[in-house]
Amino acid sequence: LGVAAVGVGLQARGVHSADFVSPQEGSGKKVAVVGAGAVGLLQGYQLAKKGYDVTIIDARDNVSQGCTAAAAGLFSTQRRLPDWGTVLPESNLYIKNKKFILSQIKTPEFWSFFPQFAIQTLQLLIWPTAPLRESTESCNTLMRQAPELFSSLVAEVPGIANFTHKGWLKVYRTGTVFEAAKENAGDECIVLDGFGAVKEFDPIAAPEIRHHVIGGLYYPDGLWALPESICKELAGYMQTKLGVKFIFSSVVQKLLPHPDGEKYSLVMAGNKTRDFDLIVLCGGVGSSALAKATGKRVPVYPLRGNTMTIDGSRAHALPKDGMLLWDVESHCGLGRSGNTVRVSAQGEFSQMPSGPAYQEHTAYEMRTSLQEYVMLMLPLEQEFKGVITSGDRPITPDWAPIIGHLDKNVWINTGHGTAGWTMSFASAAALSDYIETGEAPEVLDSLSPNRFQWF
């Protein structure tokens, strides 16, 4: 059912089974990739290119329906050391807003997180500095590799170019933050004052909103894209050109040790088991529960991200087509592709917790917050409709992904957090090389699951 469903949906994008060509000669081993977001798709793509027989499994009804659908699509340039004063990923509660935390203590959701909250606080206080810097530099290495890998993908799958743009602008609201950013700015960006920054993004609205912005860093060659559209285009190519199979609306309940003692099997709905030569966990936050069977601790926690998609055809003015603005201190991105305007925000923007009651508690607050932000930054009509998409960014205690071998036939590539769209291109390539050769690339040494096994 899952394979048939995706066949109809993806072939509608203009790719047909008659175009199928065999991938390069490989082992032919059967691989299950759990998760059909950006990381899972790119992992499946890299393995299929090496000749593996890949099946991608996801609980949702299509690709990129979770975290990827809510991503801003910015190709980040570098990752900083984690800012412990901003967020504790384990509980997703924000220290800067003490009043907010106190209000959450009254809710049942807080107490479901509280033991983890306390443990996370202790871990952050005693975390060794050297491993933090090593994992951060590994993330930066993956990010630096991303543009070249993405360009290669565009050359192979030309349709992706339709959803890709150049030019993004970081804006700052306070002088101290802007001054620090200027000191660390590279040659690839142009420093602009407040009015110049806003005018570069939106010439029409510049006079109205310039007093909100101190300055900006403009990256004329900075890449950004529409992740969900690109993932659907890539999935169609993978299915018809590389023979990748997709199974949707199917939940992987757990990993089960195989009777032969050499591998794990997937337990699906109805307790049905499926065997694969290799299993790669790319399911974001859900990877933690699946990994427990291997005896390895995989601390991946949710940081809620949200996107509002707006039809800009009724607006009397829009920002420059293909331009993305990233509001550093509001943790919010706003970009235009044709008549589509997307505004994306991390959890810090709304300061709302993740959890089972998230939608019930925050649907109205999030919509209101995003609408107010859009009205501030764009001259849209007062009554506009936007479609909200939410997803949990998988965050680890050191804000670096977990990539490597877990046990027997189980591998993992998850925990990319707010930079997943950027890092996933290189992390998938690196893990595929690791799986093929049995030797871990140097960039993965500090991102191994083993770094979390000591506490």
Side-chain angles (χ1 to χ4, degrees), residues 1-10 27-37 39-41 43-44 47-48 52-69 112-113 116 235 238-239 243-302 354-359 391-392 394 402-415 431 435 449 452-453:
L1 177 61
V3 175
V6 77
V8 173
L10 299 177
S27 68
K29 287 184 177 180
K30 294 183 178 181
V31 181
V33 175
V34 181
V39 177
L41 279 176
Q43 191 63 70
L47 290 169
Y52 290 89
D53 181 0
V54 177
T55 299
I56 297 178
I57 305 170
D58 199 281
R60 298 179 176 85
D61 62 1
N62 209 330
V63 299
S64 67
Q65 295 299 294
C67 174
T68 303
S112 70
F113 276 117
Q116 297 176 345
M238 290 165 61
Q239 185 191 37
V244 174
K245 296 175 283 293
F246 292 82
I247 300 177
F248 293 131
S249 304
S250 187
V251 178
V252 177
Q253 296 181 339
K254 62 180 179 179
L255 302 182
L256 183 69
H258 194 272
D260 65 11
E262 299 296 325
K263 62 182 180 181
Y264 292 86
S265 302
L266 296 181
V267 179
M268 313 296 287
N271 286 324
K272 296 180 179 179
T273 61
R274 292 198 61 172
D275 292 333
F276 293 88
D277 298 304
L278 298 170
I279 298 170
V280 187
L281 303 181
C282 302
V285 175
S287 300
S288 291
L290 293 177
K292 285 182 179 179
T294 69
K296 292 288 182 70
R297 185 172 186 269
V298 176
V300 181
Y301 309 106
S354 294
Y358 177 83
Q359 292 290 354
D392 288 329
I402 301 173
I403 310 170
H405 183 237
L406 286 176
D407 187 39
K408 298 176 182 175
N409 65 329
V410 182
W411 302 73
I412 190 166
N413 184 6
T414 194
L431 184 58
I435 290 172
F452 293 114
Q453 306 313 312

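This is a predicted model, so every value here is computed, not measured.
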Colleague: Look up atom SG in Cys282 and atom CG in Leu431, then write down how far apart they are to the nearest 0.5 Å.
Modeller: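 Going from SG on Cys282 over to CG on Leu431, the span is 7.5 Å.
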Colleague: So Val298 and Leu281, side-chain contact (heavy atoms from CB on, under 4.5 Å) or not? Walk me through it.
Modeller: CA-CA 11 Å; Val298 176; Leu281 303 181; over 6 Å; no
Colleague: Atom OG1 of Thr273 and atom CE of Met268: how far apart are they, to the nearest 0.5 Å?
Modeller: 10.5 Å
Colleague: Identify the two heavy atoms, one from Ile56 and one from Gly44, that lie closest to each other, and give their separation to 0.1 Å.
Modeller: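 Answer, listing the atom of Ile56 first, then Gly44: CD1-CA, 4.3 Å.
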Colleague: Calculate, to the nearest 0.5 Å, the distance between atoms CG and OG belonging to Asn62 and Ser249 respectively.
Modeller: 9.0 Å
Colleague: Do any N or O atoms from the side chain of Gln65 and from the backbone of Val63 form a donor-acceptor pair under 3.5 angstrom?
Modeller: yes
Colleague: Check side chain to side chain donor-acceptor pair (under 3.5 Å) between Asn409 and all other residues, then give those that pass, not counting sequence neighbours.
Modeller: none
Colleague: Is a side-chain donor-acceptor pair under 3.5 Å present for Asp407 with Tyr264?
Modeller: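 Asp407 and Tyr264 do have a side-chain donor-acceptor pair below 3.5 Å.
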Colleague: Where is the tightest heavy-atom contact between Ala291 and Leu406, given as atom of each residue plus distance?
Modeller: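 Closest approach of Ala291 to Leu406: CB-CD1, 4.0 Å.
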Colleague: What's the spacing between Lys263 NZ and Leu255 CG if we round to 0.5 Å?
Modeller: 13.0 Å
Colleague: For the atom pair CG (Leu47) and CG (Leu278), what is the distance rounded to the nearest 0.5 Å?
Modeller: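 Going from CG on Leu47 over to CG on Leu278, the span is 8.0 Å.
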Colleague: side-chain contact (heavy atoms from CB on, under 4.5 Å) between Asp53 and Val31: does it pass, once the steps are laid out?
Modeller: CA-CA 6 Å; Asp53 181 0; Val31 181; over 6 Å; no
Colleague: Passes side-chain contact (heavy atoms from CB on, under 4.5 Å), Leu41 versus Phe246? Steps please.
Modeller: CA-CA 10 Å; Leu41 279 176; Phe246 292 82; 3.6 Å; yes
Colleague: Between Thr414 and Gly283, what is the shortest heavy-atom contact and its length?
Modeller: OG1-C, 4.4 Å
Colleague: Would you sort out whether Asp275 and Lys30 count as a side-chain contact (heavy atoms from CB on, under 4.5 Å), showing the intermediate values?
Modeller: CA-CA 9 Å; Asp275 292 333; Lys30 294 183 178 181; over 6 Å; no
Colleague: Does NZ belonging to Lys408 count more than 12 external heavy atoms closer than 6.0 Å?
Modeller: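 Above 12, so yes.
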Colleague: If we only count heavy atoms from C-beta on, is the Pro299 to Ile402 side-chain gap below 4.5 Å?
Modeller: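 When only atoms from C-beta onward are counted, Ile402 and Pro299 do touch, with a gap below 4.5 Å.
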Colleague: Do you know which two heavy atoms are closest between Gln253 and Gly270, and how far apart they sit?
Modeller: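 Answer, listing the atom of Gln253 first, then Gly270: NE2-N, 4.3 Å.
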Colleague: Nearest heavy-atom pair of Val244 and Ala48: which atoms, and what distance?
Modeller: CG2-CB, 3.7 Å
Colleague: Determine the minimum heavy-atom distance between Ile279 and Ser265, stating which atoms define it.
Modeller: CD1-C, 4.4 Å
